[in-house]
Amino acid sequence: VLLGLFVGVLTTLASGYILNMRLQPGREILSGIKRNQFYVVWQPVVESGKLRVTGAEALLRWKHPQAGAIPPDAFIGYAEAQDLIVPLTRHLFKLIAADATTLQTVLPPGAKLGVNIAPGHMHAPSFKDDVLRFLASLPHGYFQLVFEITERDMLKETEAASLFDWIHQQGIEIAIDDFGTGHSALIYLEKFTLDFLKIDRGFINAIGTETVTSPVLDAVLTLANKLNMTTVAEGVETPEQAKWLRARGVNYLQGYLFSYPLTVRELVIWQRNRVLP
Ligand code: C2E
Ligand code: CA
Ligand code: CA
Ligand code: CA
């Protein structure tokens with residue numbers, strides 16, 4: 001609770017700071033890129049049965065000289081609004097590639113690397129070139145990339161379907177992020193070929209705290225099952241939640257119960273000293 005409060009306060013302070021930047025705010029992000037103020041942390045994803053690590057999600061961080069560590073929620077939307085999502089994501093791709101060699105010592109061949117893709121980038125003219133360059137910068141054939149796209153963003157463009165086909169042709173998988181929080185996107189589940197459903201933290205939170213488990217979560221899991229989709233639960237914090245999700249057939253788990261997001265160096269140490277929860 002305290003940590004949540006702390007992160008909440010930090011987010012508020014950070015967004016306040018961002019909103020208060022009157023002078024060329026765009027330059028802040030660009031100079032942050034130039035000055036190497038952005039870095040990546042990795043959150044392990046485990047398979048729900050034996051809790052074996054099967055991959056990790058890349059999460060961006062900004063270590064700002066005045067505002068300190070700014071969480072992504074405070075600057076991603078802002079970067080999108082300022083047309084800076086393309087340079088920022090290109091930079092993210094470089095940071096991921098720089099971690100790849102060390103990641104290979106921690107993650108097995110075929111491990112899934114989750115990368116959050118902002119819709120503003122997906123629809124940018126340079127998107128395909130950026131992705132091809134990114135692919136070429138990774139160790140050949142070692143990792144399985146998974147692009148995480150939010151449910152909300154799929155609704156915007158029906159041409160997303162051909163883009164998704166192209167992504168698949170490059171051997172990249174697609175996950176719907178924050179599943180269950182969007183609005184009536186269910187119809188799109190049948191139209192698109194999607195590989196993973198990431199069930200939003202909000203639903204996972206409720207497991208174990210309420211006397212009756214969420215009927216929405218029940219429906220989401222039934223639906224995922226019927227559509228033959230692989231499921232990932234995010235925000236798993238307690239052993240009870242993990243147990244419940246495993247019993248309900250959820251395939252992969254991710255959350256503080258297993259690990260906070262870690263720098264690649266911290267990830268090496270975590271892996272070495274890991275004790276199963
Ligand atoms: P997301 O994709 O849903 O990422 C999961 C968020 O949940 C992360 O927050 C992670 O630190 C947090 N989390 C993971 N496990 C737990 C848990 O057990 N309990 C709780 N309370 N939280 C947990 P983070 O890193 O602050 O990222 C927030 C959002 O910012 C992400 O949500 C994603 O939408 C966006 N984001 C992060 N990195 C990038 C990026 O490189 N590019 C883009 N476009 N968006 C990004
Ligand atoms: Ca994500
Ligand atoms: Ca998510
Ligand atoms: Ca989210």
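Just so it is clear, the values below take in all heavy atoms, side chains as well, and ignore hydrogens, waters and symmetry mates. Whatever order the structure lists them in is the order used to number ligands and atoms, beginning at 1.
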Task: Shortest heavy-atom approach to atom 22 (N) of ligand 1 - which of Phe75, Phe93, Tyr256 - done: Tyr256

TODO: Classify the ring geometry between Tyr252 and Phe196 as parallel (under 30°), tilted (30 to 60°) or perpendicular (over 60°).
DONE: perpendicular

- [ ] Classify the ring geometry between Phe93 and Phe147 as parallel (under 30°), tilted (30 to 60°) or perpendicular (over 60°).
- [x] parallel

TODO: Going by heavy-atom distance to atom 12 (C) of ligand 1, choose the closest among His121, Glu148, Lys198, Arg201.
DONE: Arg201

TODO: Using 3.0 Å as a strict upper limit, say whether an N, O or S atom of Glu148 approaches the Ca ion (ligand 3) that closely.
DONE: no

- [ ] Of the side chain and backbone of Gln43, name the one, both, or neither that has a heavy atom under 4.0 Å from an atom of ligand 1.
- [x] side chain

TODO: Specify side chain, backbone, both or neither for Val40, according to which of its non-hydrogen atoms lie closer than 4.0 Å to ligand 1.
DONE: neither

Open item on the list: Residue-level breakdown please: for Val236 versus ligand 1, do any non-hydrogen atoms fall below 4.0 Å on the side chain, on the backbone, on both, or on neither?
Closed with: backbone

Task: Glu57 near ligand 1 by a heavy-atom separation under 4.0 Å - done: yes

Open item on the list: For Phe38 and Phe75, I'd like to know if the aromatic rings sit close, meaning centre-to-centre distance below 6.0 Å.
Closed with: yes

Task: Check: Gln241 side chain, Glu237 main-chain N or O, donor-acceptor pair, under 3.5 Å - done: yes

Open item on the list: To check your reading of the site, what angle at the Ca ion (ligand 2) do OE2 of Glu57 and OD2 of Asp177 form, to 10°?
Closed with: 170°

Open item on the list: Given Val41, Asp73, Leu95, Asn116, identify the one with the heavy atom nearest to atom 42 (N) of ligand 1.
Closed with: Asn116

Task: Heteroatom test (N, O or S) for Thr150 near the Ca ion (ligand 2), limit 3.0 Å - done: no

- [ ] Quick one: report the N, O or S atom of Asp178 that is nearest to the Ca ion (ligand 3).
- [x] OD1

TODO: Give a yes or no on whether a salt bridge exists between Asp178 and Arg201, defined as a side-chain N under 4.0 angstrom from a carboxylate O.
DONE: no

Task: Ring geometry between His64 and Trp62 (parallel below 30°, tilted from 30 to 60°, perpendicular above 60°) - done: perpendicular

- [ ] Quick one: pull up CZ in Arg90 and CG in Leu84 and give me the separation to the nearest 0.5 Å.
- [x] 11.5 Å

TODO: For ligand 1, indicate whether the residue Leu92 contacts it via side chain, backbone, both or neither (heavy-atom separation under 4.0 Å).
DONE: side chain

Task: Close side-chain approach of Asp195 to Val146, heavy-atom, < 4.5 Å - done: no

Open item on the list: Quick check on Arg61 - does any of its heavy atoms sit under 4.0 Å from an atom of ligand 1?
Closed with: yes

Open item on the list: Keeping Gln271 on the side-chain end and Val106 on the backbone end, is there a donor-acceptor pair under 3.5 Å?
Closed with: yes

TODO: Examine Asp200 and say whether one of its N/O/S atoms is closer to the Ca ion (ligand 3) than 3.0 Å.
DONE: no

Task: Ala118, portion touching ligand 1 at heavy-atom distance under 4.0 Å - done: both

